[in-house]
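Computation of the quantities below employed the complete heavy-atom set of this structure, encompassing side-chain atoms and omitting hydrogens, waters and symmetry-equivalent molecules. One-based numbering, in listed order, for ligands and for the atoms of each. Please read all numbers here as calculations on a predicted model, not as lab measurements.
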Amino acid sequence: MPSPAASRAAARVAGTGQTIFAEMSALAVRTGSVNLGQGFPDTDGPPALLDAAAHALHHGANQYAPGIGIPALRQAIARHQERRYGIVLDPDTQVAVTTGCTEAIAGALLGLVDPGDEVVVLEPYYDSYTAMIDYAGGVRRPVTLRAPDFRLDPDELAAAVTDRTKLILLNTPHNPTGRVLDETELAAVARVAREHDLLVVTDEVYEHLTFDGRRHVPLATLPGMAERTLTLSSAGKSWSVTGWKIGWAAGPADLVAAVVGAKQWLTFTSGSPLQPAVAAALDAGDDFPAALAGDLQAQRDQLVAGLRAAGLTTYVPEGTYFATTDVRALGWASGGDFCRALPERAGVVAIPSEVFYDDPDAPGAGRHLVRWAFCKRPDVIAEAVRRLAAADLTAPGTR
Ligand SMILES: *Cc1c(COP(=O)(O)O)cnc(C)c1O
């Protein structure tokens, strides 16, 4: 971007820069690379979902939906939460439809965080968290998940809380590490939240996409947590429609109202013909996401084997779309340098995890980590693995 335009931008935008995903996807197109950077599938969602959206589009669902979302979708979200997790919600006051989970995150942070409030957030973090904490004038207090097992340390979590802490921003299954927080870790979060009377916002967009028989447990189901937990999710990941941007926020009525209070000035409403289609998909049960999770697990195994064969130390994810590698075994100190060289060397694009840390050089942080997406067809992963095997991936001067 030319600097005169950048100099006219507000500080909050100029300071954020372009997302790494836009930069790396553009690099993939320019170099003809296999794009294992941005996390979007290369197959469509279920035909019945697509048909329902087309039907709604042709039958009048083309004007503003209510800001909080159409009743049918709010009711379907409530039924999904009850059927799957035993969470009971009033669809009229405890559920709001958002423009993807991204707007639910924005609405939650703008709606709940005042300037100076502290937000405890898992690091590495999804990059919209930091932008929205900044926009709200909040202060982030990261708690780092460290390789090789990326476990949440309860003492570090407790130590990150101060008397200015307003909320904990959780994400499980966790992007980018692929961790699915277990009962012990969730209990630690619940204990800290109860002890310090904190709110918790939990991003559960990968709730259906867990592997090896692991099950996602929503934090809101733990004792004393329903009244202080705002749960965010989306149809994008579970139903392979990331471009649809139909998400939601669910929890106590006052927290949902805070999200709606902010979101009415963002998009107000969106996706009118998509909302009834997502409602029907939620009510059709979990067969599609369950099958998707099975496919993703096989694709994970295929990519992990290929990355290891290419000489990369690779951590096996328990859920999500992503695997993480450590590039030091090939002589690289920086995942950013590795990722910038990778398209030329191998014709593959991946994301340097360093952008997901406050200080990627802190002990146990991720300067040397790289994130790879496996939400791609097996033939695409096979091509990426073939290219990686054929390339010299060692750092300059290593060989
Ligand atoms: C993809 C993703 C989102 C965004 O979801 P949308 O519904 O596409 O807005 C939010 N959080 C995490 C952790 C994600 O990976």
Side-chain angles (χ1 to χ4, degrees), residues 19-22 24-25 35-42 44-45 49 69 73 77 80 95-110 119 121-133 142 145 150 168-181 200-210 216 218-219 230-250 259 262-263 266-267 269-271 274-275 277-278 281-282 289 292-293 296 317-324 351 353 355-357 371-376:
T19 106
I20 188 75
F21 305 108
M24 286 305 191
S25 287
N35 188 357
L36 302 186
Q38 203 171 6
F40 58 87
D42 50 11
D44 266 336
L49 175 65
L73 178 52
I77 292 163
H80 172 269
V95 180
V97 177
T98 55
T99 304
C101 187
T102 305
E103 193 192 37
I105 293 162
L109 291 168
L110 296 173
V119 177
V121 57
L122 301 186
E123 177 189 74
Y125 36 61
Y126 186 63
D127 60 352
S128 90
Y129 299 167
T130 55
M132 287 304 120
I133 294 168
L145 306 179
F150 299 110
I168 300 173
L169 177 51
L170 205 68
N171 169 218
T172 182
H174 183 257
N175 172 8
T177 66
R179 270 307 311 291
V180 179
L181 296 188
V200 185
V201 175
T202 99
D203 175 343
E204 305 186 353
V205 294
Y206 298 101
E207 60 186 313
H208 287 273
L209 307 183
T210 59
H216 163 71
L219 189 76
L230 185 71
T231 303
L232 315 182
S233 194
S234 166
K237 305 286 161 58
S238 298
W239 277 272
S240 294
V241 285
T242 60
W244 280 23
K245 288 287 185 176
I246 301 293
W248 50 88
V259 172
K263 89 151 253 138
L266 295 172
T267 60
T269 180
S270 63
L274 308 179
Q275 291 192 25
V278 170
L282 286 168
L292 175 61
L296 283 167
E318 301 168 343
T320 76
Y321 278 178
F322 308 108
T324 295
I351 298 286
S353 302
V355 300
F356 307 131
Y357 293 83
R371 192 194 82 170
W372 309 76
F374 51 81
C375 50
K376 308 291 174 181

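At a 3.5 angstrom cut-off on N or O pairs, Thr102 counts as close to ligand 1. Considering backbone and side-chain N/O atoms, Cys101 comes within less than 3.5 Å of an N/O atom of ligand 1. Close N/O approach between Tyr126 and ligand 1 is not found [any backbone or side-chain N/O within under 3.5 Å]. Remark: ligand 1 and Asn171 share no N or O pair separated by less than 3.5 Å (distance only, no angle test). Taking distance alone, with nitrogen or oxygen atoms compared against 3.5 Å, Thr99 stays at or beyond that limit from ligand 1.
Not one N or O on the side chain of Thr172 forms a donor-acceptor pair closer than 3.5 Å with the backbone of His174. Not a single donor-acceptor pair under 3.5 Å links the side chain of Thr242 to the backbone N or O of Phe40. Between the side chain of Asn171 and the backbone N or O of Pro173, at least one donor-acceptor pair lies under 3.5 Å.
With respect to atom 7 (O) of ligand 1, the closest heavy atom belonging to the protein is Ser234 OG, 2.6 Å. Among protein heavy atoms, atom 1 (C) of ligand 1 sits closest to Lys237 NZ, 1.4 Å.
Counting the atoms of ligand 1 from 1 in the order shown, those under 4.0 Å from a heavy atom of Gly100 are 6 (P), 7 (O), 9 (O). Within ligand 1, counting atoms from 1 as listed, the ones closer than 4.0 Å to a heavy atom of Lys245 are 6 (P), 8 (O), 9 (O).
Side-chain contact of Thr267 with Glu103: a donor-acceptor pair under 3.5 Å is present, judged by distance alone. A side-chain donor from one of Ser25 and Gln38 sits under 3.5 Å from a side-chain acceptor of the other.
Of the listed residues (Asn175, Asp127, Asp203), the one carrying the non-hydrogen atom nearest atom 10 (C) of ligand 1 is Asp203.
Tyr321 and Phe374 have their aromatic ring centers separated by at least 6.0 angstrom.
In this structure, the separation between CG on Leu49 and CG on Leu282 is 9.0 Å, given to the nearest 0.5 Å.
The aromatic rings of Phe322 and Tyr206 sit perpendicular, their planes meeting at an angle over 60°, well past the 30° parallel limit.
In this structure, Tyr206 has a heavy atom closer than 4.0 Å to ligand 1.
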